[in-house]
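Submitted below is the structure of interest, expressed as structure tokens.
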Amino acid sequence: MTPKQQHAFDKSAFKISMVQHLTQLGHAPDTAQLRDWYLALGRALAEHTTSDLVATEHDQAIKQAKSVNYLSLEFLIGRLTGNNLISMGLYDAIADAVSELGLGLTDLLEQERDPSLGNGGLGRLAACFMDSLAAQQYPAVGYGLHYEYGLFRQSFHEGAQQEAPDAWREPEGYPWELVRPELSQIIGFYGHVEVVEEAGHTYRQWVPSLKIQAMPWDLPIVGYQSNTVYPLRLWEGRALTPFALDAFNAGDYTHAQQADIDAGNLTKVLYPNDNHDAGKTLRLMQQYFHSAASVADILRRHLEAGHALAALPEYETIQLNDTHPTIAIPELMRVLLDDYRLGWDEAWSIASRTFAYTNHTLLPEALETWSEALIARLLPRHMEIIFEINHRFMQEVEAKWPDDVAKKQVLSVIDDKGERMVRMANLCVVGSYAVNGVAALHSQLVKRDLFPEFDALYPGRIQNVTNGITPRRWLKFCNPDLSNLISEKIGEQWPAQLEQLEQIAQYADDTAFQKIFMDVKKRNKQRLAGWVKEHLDITLNTDAIFDVQIKRLHEYKRQHLNLLHVISLYQRLLNEPDFDMAPRVVFFAAKAAPGYELAKSIIYAINKVAETINNDPRVGDKLKVVFIPDYRVSMAEIIIPAADVSEQISMAGKEASGTGNMKMALNGALTIGTMDGANVEIREEVGDDNIYIFGLDVDGVSELRQKGYQPEAVYHSQPLLKAALDSLLDETFTPGQPGALRPVFDSVMGSGDPYLCLADFADYVRAHNDIDRDYRDASQWARKAILNTALVGKFSSDRSIRDYVNNIWQLEAIKR
Ligand code: PLP
């Protein structure tokens, strides 16, 4: 809704519309359940966003401007209703309207299931970026997949992770989505390549043997306080073959539905892996399906707007969110060469000026490679094109470094040591006009360690764009009390200009403001404690330090280092009569990839330790450990505003950026962190006094490895650490089951401690002691918390998007 329409918001008309939608859903107002009302609310609101979506789509100024196409296999958007109300400027008006219907808006919003169409940071980043593109009105389309099941729902059975399917669309469908059959595409797989002769030229033509329909569903990305609504277009796989009525009539029900089953499987489920390449055929099929449908749609828009094919890079840029959509590069080449019959040089000039690639990781296990044999079978023409790209690229390398076999080996798109594999990241760098890392340190390491040869060959191509988060969802919506406090002090502009928060810094020493600020924090802690009481039946002391680690479970993120600290606090409470500490609640929330055994063992260990500590009367409310199940965006929205301490403790050099770190700092939590990812830049912004940095930095890590690291020596030299580790081997936390936590012990002691938990333990404990000391000085702590909120304006995703726009994409904002 436009600002003009907001003034004209007609409450009674809206209530009538809600009741009409309720009736269409088959319910009467006096008997309808909350869920029915939520669906009616969503549908009534979506009427407005759909008309703005269509109007934006038909805007001539946008068609004549350059757009970014954000290609991502994941968009972890979270619930849309509350966020859209904020963007539409209608939150209070709708709260008022529904209260007249006898309903509470927050209760209605709670009815929405999170669309969890992503694993973690990468998918959530894509969602924040769409929000910031729409808010700043840089023309954009997001392209993703319409998974029937999002990331699994997590529960615990006797401490162990259980996974259940996430049917996020509910039986009635999701009220915000709009199916667009007129924009569907047909996508091929398998088959062979034919040579065709025409007018004295030979062309190659792929003849796929399987075809699947790509059906787009649009979700509205509503610009904050504007009537710009961009589509997040999600492709769903559908059977193309008509339903086999003959077979059905003859009683062969399974065969009749076979095509539906195959096509439907394609986008059935999101792969639940974070920072790990699983290499499954269905996953490559998903990637190609996503890429091909998106490239086809981009070309359709471009040509329908009346632009020449050769002008594609002037009107469209395609941002690849990690290597997952890399196959879009050979796909665009295939279309240009085989369908439009351009020559190689012309096609390559177009493609290589259209794509840009974001690298999200240096972890070797996450750098995607696909078997050449698999690609050749599934996408035979694409494999030919990849060979040709690589052949020409190798000539370039030869020209730059004649006779240098080693250079060719590291740069080649094909890895031919062992089974021949296609290195997707190399293909991305070769086929893109810009490559970026996601935080200053990470981008530096991409240049120095991952792609030094590429950096030498293409100076300037590898850049940095530090990640960001949308302040609309991650402050204005999730923390209304803090938002109101900020607005009272500095006005209402900050959600669109987050740097303005700096003005809050002047109140950091104002005791009256400190009290109000910490009262807000207290209420947020009470809200979280209420949730924990209701769902987990654990009573929490809200005066305690709320110490929070929420993120995917991964060894490199070192939840087990946190666990060792928790155990050592427990042991000190029991064994040292003079030991005193400020009360603490340590929160964990994390999903482990279902196939990642050690990650699941760590979850199990945390749950077992939590159970023991929480039920030990000797501990009282000095220490509690809470593992919140099913971490997701809507849960993050409750936990983050309540955090006092933000755990960002990855081994230096492993976390590309992190965005949870930014969210908690913005909401007034103090970071305990390593010099990793965006922690480095958070420290630059908030200053050394307002962050707790510990542990080895990137250089320290490599020096230690060079010297030769022996975790056993650390174990034997540090009694606190040794005692904590030993308790994993006996029955302390698993009565009657000694050794049940051994996998966690072995992961640091038997496997050489690959993520240096033991090496960083002592300094981690030291940093936590500093936190304990500082938290007891309420005024000093409040000052630090206020300064965190005030000084992290840099981490707005609006700024990230402006960096992409100015340094990479070169877009103009189109104000509607
Ligand atoms: N999962 C969810 C639901 C999130 O909201 C976020 C980011 O805030 C992440 C994962 C990524 O967290 P981190 O950057 O701490 O790994």
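First listed ligand is number 1; within each ligand, the first listed atom is number 1.
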(request) Write out the residue and atom name of the closest protein heavy atom to atom 14 (O) of ligand 1, then the distance separating them to 0.1 Å. (result) Thr659 N, 2.7 Å
(message) Just to confirm my output: which protein heavy-atom neighbour is closest to atom 12 (O) of ligand 1, and how far is it?
(response) Gly660 N, 3.9 Å
(message) Need the ligand 1 atom indices (1-based, order shown) with element for anything under 4.0 Å from a heavy-atom of Gly120.
(response)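 In order of number, 1 (N), 10 (C).
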(message) With no hydrogens and no angle check, just 3.5 Å: does a side-chain donor-acceptor pair link Ser132 and Asp798?
(response) yes
(message) List ligand 1 atoms under 4.0 Å from Ile550, heavy atoms only on the residue side.
(response) 15 (O)
(request) Decide whether the shortest distance between a heavy atom of Lys557 and an atom of ligand 1 is less than 4.0 Å. (result)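 Yes, that is the case, since the closest heavy atom of the residue is under 4.0 Å from the ligand.
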(request) Measure the shortest side-chain to side-chain distance between Lys663 and Leu666 over non-hydrogen atoms and say whether it is less than 4.5 angstrom. (result) no
(request) Run the contact test for Asn119 against ligand 1 with a 4.0 Å cut-off on heavy atoms, strictly below, and give the result. (result) no
(request) Cation-pi check, Arg153 to Trp168: give yes when NZ or CZ is under 6.0 Å from the six-membered ring centre and within 45° of the ring axis, no otherwise. (result)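 No cation-pi geometry.
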(message) Using side-chain heavy atoms (C-beta onward) and a distance below 4.5 Å, is Ile786 in contact with Trp781?
(response)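 No. Closest side-chain heavy atoms not under 4.5 Å.
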(request) Please check if atom CD in Gln463 has more than 12 non-hydrogen atoms from other residues, nucleotides or ligands closer than 6.0 Å. (result) yes
(request) Just jot down the ligand 1 atoms closer than 4.0 angstrom to any heavy atom of Gly658, in number order. (result)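 In order of numbering, the contacting atoms are 14 (O).
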(message) Just by distance, no angles: are the side chains of His276 and Glu368 close enough, under 3.5 Å, to form a donor-acceptor pair?
(response) no
(message) Which option wins on minimum heavy-atom distance to atom 7 (C) of ligand 1: Arg124, Lys663, Met662?
(response)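 Checking each option, the heavy atom nearest atom 7 (C) of ligand 1 is found in Lys663.
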(message) Return the closest protein heavy atom for atom 4 (C) of ligand 1 as residue, atom name and distance.
(response)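 Among all protein heavy atoms, the one nearest atom 4 (C) of ligand 1 is Tyr631 OH, 3.7 Å.
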(message) Checking a contact table here: which protein heavy atom is nearest atom 9 (C) of ligand 1, and how many Å away?
(response) Gly121 N, 3.9 Å
(message) To check your reading of the model: name the closest protein heavy atom to atom 15 (O) of ligand 1, its residue, and the distance in Å.
(response)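 Here the nearest protein heavy atom works out to Lys551 NZ, 2.8 Å.
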(message) Taking ring-ring contact (aromatic ring centres under 6.0 Å, His included) as the cut-off, I'd like each qualifying pair that reaches into residues 669-695, sequence neighbours left out, listed once.
(response)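 Every pair satisfying ring-ring contact (aromatic ring centres under 6.0 Å, His included) with a residue in residues 669-695: Phe694-Tyr764.
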(request) Classify the side-chain pair Gln161/Tyr604 by whether it contains a donor and acceptor separated by less than 3.5 Å. (result)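 Side chains of Gln161 and Tyr604: no pair found under 3.5 Å.
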